[in-house]
Structures are given as C-alpha cells and as structure tokens.
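Contents: one structure, followed by commentary.
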Amino acid sequence: MAAGLLACAGIAHAQSDAPPLEVYGGSPAIEHIQLSPDGEMLARVRVVDEQREIVINRLADGARLFSSDAGTIKVRDLRWVGNGRILVVTSQTRDVPALAIPRSELFFGQLIDLSTGRITQVFDRTPDVLAVLYGPASVRATTQGEALFVRGVNIRTENIDLHRIDLRTGRGRTVAYMDHTTEDHVLDGDGKVIAISRYDDRTGRWALRLPDGQNYRDAWTVEAPLDSPTLHGQGRSPRTIIVNADRPDLSSAEADYIQTWFEVDIDSGVWTRLPFEHHPDFLIHHPATGLLIGAGRVEVNGVRYEFLDPDASARWQLVERAFAERNPELVSWSDALGRIVVFTETAEAGQFHLVDFARGAADIIADAYPAISPDHVGEVRPVQYLAQDGQRIHGYLTLPPGASDPDSLPLVVLAHGGPAARDVAGFDWWAQAMASRGYAVLQANFRGSTGYGRAFLEAGYGEWGGRMQTDLSDGVRWLAAEGIIDASRVCIVGASYGGYAAMAGLTLDQGVYRCGVSVAGVSDLRRMVNRESRQERHRDSQTVRYWNRSMGAARLNDRALDDRSPAHLAARIDGPLLLIHGRDDTVVPIEQSRIMADALRRAGKPVELIEMAGEDHWLSQSATRRRMLSETMRFLEAHNPAR
C-alpha cells in the first residue's frame, strides 16, 4: 500500500521563470479544507485574487454540490456538522458600544444546509443574545442527532452561557449557565458538560469544577496569576478529560516544561500523566468520538505525530512511509479514518493530498501557491549557533533558489512574532519572497521562543531589546564568519513582536543593520501595557501581568520600559525605517507606529509610514498582504540591494 501511495505523491514540474512578488503576497489558493464525516465530500475555501468562494464537492465524481461567493470576508474556520451541513466561521473588526466592548475582532457563524442551499446565522433571533461566537464551536453526534454548541453573550444578564444551536433556524437554547469567570468547558460525546474551569482574574485563582449531581464542585484549585491551567477536551475514555497544568507534586519528569499533560478521571478525580514519549505541542482527538487518540510535536524538520490509538497509528505510519522526507501534516480525517487530507511543504510551496486507504493511493487535490513551482522554492536549512553568553540558538536559513553554495549573500533577518512563538520548517511565503529576489533570510528562534523547554522560554523574560535582540545579531555574525553572508549588507524585518525587534535592531543593537521594516510593531512598551490595562476589567489583570513579566516591568506604568522602547530612542536610530500598520489592528494599535514615525520626524531621521485601511493584525486580506510585501521589497532593494 505504501508503494501505491508513493507512486501518486509526486510534485508538479517546475516552471522556468521566477513568479512575480504578488504571487507570494496573495493569500494561498486554499485557506481551509475539510473532509465530511462519511469521507465522501470535501469542503474548501478557494481564494482567487481577493475573492473567496466556499465550495463543496463529491469525491466520487467531482460534482459540485454547493458553492457560494464569500467576497472579501475573512473566513476563520470551516466545520462539518454531520454530512448535511457546514459551519463557516468568519470575523469582522467591530465594537459594541452598548456593551462597552472596544474595537475587537468579533467572530460570527453561518450554517449552510446542503439539501436546501440555505444559509442561517448562528444565534439568529435568540432572545437577548448577540449573534457573536464566544470561543470555539463544538460539534457532537448526539443521540438526538448532530448538534452544534457554542457560548454566547447575553446582553441582559451579561452571562456567557453555553447554547445548543437549532440547525434549522440558528436559534440558541441555553444548556449551561456560565459567567465571565468560566474560562472553558469540556463536552462528552452526547454534548453534556462534564467539566468546566473558572478563573478569577483579580486573585489569579484557577479551579477545575467537576459534576456533582446537578451542580459542580471544585475538584482542584491553584493560585495561578500567570500560566494558568487549560482544558483540552476528552481523554482516552468518555469519563476522562485532559488538563494541561503545572503539577510538580505529580510529575517531575517534564520539569523543563511549564505545564504537563494530564488525564483526569471525572468520577474518581485521579490525575494521570499522559503516556507520550515526548512532550506534545498539541493533541489529536478522534473525529467521530471526540476521544484522545494522539498528539503532535514540532521538531526541527516538521511536525512529528505519536498516536495512542493502534488503528490511527498504523494508518499514519503508512502516510509517513508514502511521503518520506516530505514531513506530512494531518489536516482532516473522515470518521472511519478511511480517508485523510494531508499537507506537505518540504521543498515545495505547499500541496494538499487526499489519501484513500481503501484504494491504497494518494492524489494531489490542491496547491497552496499554484504559480510557485518547486524550482522556485529556496532551500530551507536548519541552523544553530552560540549566542554571546553561550546560549545555543536554533533557527532556519532560507537561501535564494539555486544557491547551493552560498557566498557573501545579502541577508534579511526575519524576526517572528509572539515573542512566545517560534519559526518552523516549511514554506514561509514572506521568507521565500525575499529569497526569490536574491536575499538569504535568517529566522532565528531567539530565547523566549516556544518549543525548546521551560528554561529557554524563561530566559527571554525581561529581555526585550536585550539578549532576545542580540540573539538575532549573533546569528548575523555567525553567518558572516561562515562566509555565507556579507555582514555589511544586512537588514531586519518583522511583524508584531518581530516589528518591535526591527525597530530595536536600529536603536538598541546599533551597527548591525542597514535598514529595518516593522509591520504592526510595538514601539512604546509602557504605553502598550497601559492600553492593555484599560481594556481589561481591572488594572492588575492576567494579561497585564503577562506583559509585565515578558517585558521586564516591575509594575504597571514602570518607566524602566522607556529604556527599551524604540519610540523613546528615536535619536539613536542608525538606519532608515519603514513602518507598515493596519488601521483595523486590535492587537497592536496603529498608534504604536504613528508614535514611532512622529518621534523619528522630530529627531530628523528617515522614516516612512504606510497605513493600510481595513487590515487587521494578521494581514488577512490579499490586497494588503501584497502591498505590504511590495513595499517591503521596494524598501529593501533601495537600501540594501541584492545585486
């Protein structure tokens, strides 16, 4: 069977001419793709230019069963509700003045009925409840049929209750009462709440509440002003749940991780550490039963999976053998595990494959970037080097296509966001776009990044503008010593925290970069945290505590943050800076870029500010992604030409 899959898992023939920049900058041709529970249909969101289309096809003959133009709307999720309906989750940047809800990214649900073609709004005509999804929706195959559960905000009581949605009308019926302290919940296979978690933001107290007759009891509580536990669905049996928590009293084997995965029996209250060989980054639940069957871990060359369910494990081993050296990723599975959609992006721009175990074959069903052939994908090399203090730093170096023996290349340091995040192997559209124009691109997982254990993450606390920053420039010096890049031709680019790093590279880590590009970056740390405090119910919220710890502030409004804020150091900048920011950004407000631009102008320093109307923090629109990329490349080629 593996040989049969191998025969069908080929990649497209390369084209001769390098694609234009807009090909990289546009949204991928497929944003979401999901198999139906019976494995007979495929739903996807297709993107052509700026237009999105929701399409459902029958796999047997390719017949189009449904299609609907979604225009430029931002589609965030696609979920089957049984074999007859699709839930489409979209978002808009809006405020709700009547509830004092500030400008935020609000999520909405639409149910598509395949038999009638009718589209119904979730929470439509539900008394006193906003037609807004609060948290992710849950789908269950209950004894009464397929069901959709989601929390909604009641404008009269201010509760955020759990509702069961009528699939015909979209109307919600309250099935569990929850207030703003209810952080999460777990449903069993029949849609019954079997666990909830509560968090008091003011005291930092987290509680796991388990069923006790018609009510719930506190089964375990902990003081967690930061890094509070989280619930992650059902365990391996119907009466267990998964909790990710710091329990040194129960497990010391994973002391290098802030939290450990536990399975909790809701009847006995017994906690058991999950038997994975390696600490997982995420869990996998069975598409039909909702029970835990496996997990995944991000490693140097891609995601590695470990399955506890024997059937799932055997099938995934076939997939890995079929796609050897291509690091397949699990996208969607039919309920019987007979068909699976996998994604590959090793030495290619991304392909979706349909694996059919009955036929023993795999077929390419879509390309993420059809206009980018494998010949135009630059090699991505895992790298590691030592920082000034001896800390080992891992990352990735993307080379221009065809540059097998790089020598004295111009370099772009591309810093990731977060900062508690990481860069991974695979096709990165931004890095590949710059590589296609002749630049080497370094993506370093500086200290404070996730995926390298607790000590490495904590080593980044308070190091904004400090060692987190020099970890990047130490990579520049290492590449120069290796002869790979020209140290006199280096610029720094990044978005979100990476945007801060771009500004800090020119103001706090001088003499390394010829220019910088900041997309949606933070320029004034103290002002940013103060804004977060105003957005919360009280000043000392978990969000404020998180940012104070990350940035190294002793308290709210700590003026020590000014010494790490590029906007306060504008006179020190030693290279031209391009600022790009979306006006609808609800994560890092556009004022952060405006403040930096004003400070640089007052200091008589070169700066450009580009504001993108209708764009959010995530560059969700194709048009603005393309503009961001074209402006970035224009700026880089003007101040650090590749040739």
Side-chain angles (χ1 to χ4, degrees), residues 19-34 42-57 64 66-79 86-96 101-112 117-124 130-133 136-137 170 349-350 352 366-372 417 428-430 433 495-496 519-520 580-590 593 610-633:
L21 272 181
E22 54 263 27
V23 169
Y24 296 90
S27 299
I30 300 294
E31 286 190 333
H32 303 277
I33 188 165
Q34 288 290 306
L42 194 67
R44 69 185 91 182
V45 177
R46 296 178 62 248
V47 183
V48 179
D49 294 325
E50 189 65 22
Q51 301 300 307
R52 286 162 175 81
E53 181 185 21
I54 300 167
V55 179
I56 301 172
N57 295 96
R64 180 171 288 199
F66 176 88
S67 66
S68 176
D69 291 332
T72 59
I73 196 168
K74 294 182 283 190
V75 181
R76 301 302 190 184
D77 195 12
L78 200 66
R79 301 277 302 279
I86 286 283
L87 171 68
V88 181
V89 178
T90 63
S91 76
Q92 299 176 31
T93 308
R94 293 173 52 182
D95 56 5
V96 185
I101 296 177
R103 196 162 178 79
S104 310
E105 199 71 12
L106 301 181
F107 292 79
F108 305 86
Q110 295 84 35
L111 281 164
I112 300 172
R118 182 183 177 189
I119 301 177
T120 304
Q121 183 82 21
V122 174
F123 285 129
D124 187 36
L130 289 177
V132 173
L133 309 187
F352 294 93
D367 291 291
Y369 292 90
I372 303 176
D428 183 300
W429 63 272
W430 203 355
S496 196
V519 179
I580 303 175
H581 217 124
R583 290 178 183 165
D584 281 355
D585 194 329
T586 59
V587 178
V588 178
I590 195 170
S593 286
I610 296 173
E611 299 186 4
M612 299 186 295
E615 187 52 89
D616 55 30
H617 189 68
W618 306 278
L619 295 173
S620 300
Q621 305 289 352
S622 296
T624 43
R625 269 177 53 144
R626 288 188 174 116
R627 186 182 180 200
M628 182 282 294
L629 183 57
S630 65
E631 296 287 4
T632 297
M633 295 310 304

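Keep in mind the model is a prediction, meaning the values are calculated, not measured. Sequential numbering from 1 along the given sequence is applied to the chain's residues. All heavy atoms count here, side chains included; hydrogens, waters and symmetry mates do not.
Checked by atom type and distance alone, the side chain of Q121 never pairs as donor or acceptor with a backbone atom of G170 at under 3.5 Å. Side-chain atoms of H581 come within 3.5 Å of backbone N or O of V588 as a donor-acceptor pair. Of the possible polar contacts, none joining the D69 side chain to the G71 backbone as a donor-acceptor pair under 3.5 Å is found. Remark: the backbone N or O of G25 is not paired with any side-chain donor or acceptor of R626 at under 3.5 angstrom. With S68 contributing its side chain and I54 its backbone, the two residues share no donor-acceptor pair below 3.5 Å. Using modelled atom types, one side-chain atom of R625 and one backbone atom of G26 make a donor-acceptor pair closer than 3.5 Å. Judged purely by atom type and a 3.5 angstrom limit, R52 has no side-chain atom pairing as donor or acceptor with the backbone of E31. E50 places no side-chain N or O within 3.5 Å of a backbone atom of T72 that could act as its donor or acceptor partner. Panel note: side chain S630, backbone R627; a donor-acceptor pair is recorded below 3.5 Å. Counting only distance, with no hydrogens or angles, the side chain of D585 and the backbone of V587 share a donor-acceptor pair below 3.5 Å.
D49 and V47 get closest at one heavy-atom pair: O-CG1, 3.5 Å. Taking all atoms of both residues into account, the shortest heavy-atom contact from Y369 to A349 is CD1-O, 3.4 Å. Here the closest heavy-atom approach between residue T624 and residue A613 is recorded as CG2-O, 4.2 Å.
For the atom pair CD1 of I73 and CD of Q92, the computed distance is 6.0 Å after rounding to the nearest 0.5 Å. With rounding to the nearest 0.5 angstrom, the OG atom of S622 is 12.0 Å from the CD atom of E22. With values rounded to the nearest 0.5 angstrom, R64 atom CZ is found 10.5 Å from I56 atom CD1. Taking OG1 of T93 as the start and CD of E615 as the end, the distance is 8.5 Å to the nearest 0.5 Å. The line from CD1 of I610 to CD of E631 is 3.5 Å long, rounded to the nearest 0.5 Å.
At least one side-chain heavy atom of D584 sits under 4.5 Å from a side-chain heavy atom of R103. F108 has its side chain within reach of V132: a pair of non-hydrogen atoms, C-beta onward, lies under 4.5 Å apart.
For R46, the salt bridge (Lys or Arg N to Asp or Glu O under 4.0 Å) criterion is met by E53, not counting sequence neighbours. Under the side chain to side chain donor-acceptor pair (under 3.5 Å) criterion, T632 pairs with no residue, sequence neighbours left out. Listed by chain and number, the residues in a side chain to side chain donor-acceptor pair (under 3.5 Å) with D616 are K74, R76, S620 (sequence neighbours excluded).
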Please step through salt bridge (charged side-chain N to carboxylate O under 4.0 Å, His left out) for the pair R583 and E611, ending with a clear verdict.
CA-CA 6 Å; R583 290 178 183 165; E611 299 186 4; 3.0 Å; yes

Report the C-alpha distance between W430 and L629 in whole Å, list the side-chain angles of each, state the deciding distance to 0.1 Å, and finish with yes or no for side chain to side chain contact (heavy atoms under 4.5 Å, CB included).
CA-CA 8 Å; W430 203 355; L629 183 57; 3.8 Å; yes

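Screening L111, L78, I112 against L87 for a side chain to side chain contact (heavy atoms under 4.5 Å, CB included) leaves a single residue, L111. When each of T90, V122, I86, T120 is tested with Q110 by the rule side chain to side chain contact (heavy atoms under 4.5 Å, CB included), just one qualifies, namely T90.
Residues E105 and T586 bring no donor and acceptor atom of their side chains to less than 3.5 Å of each other.
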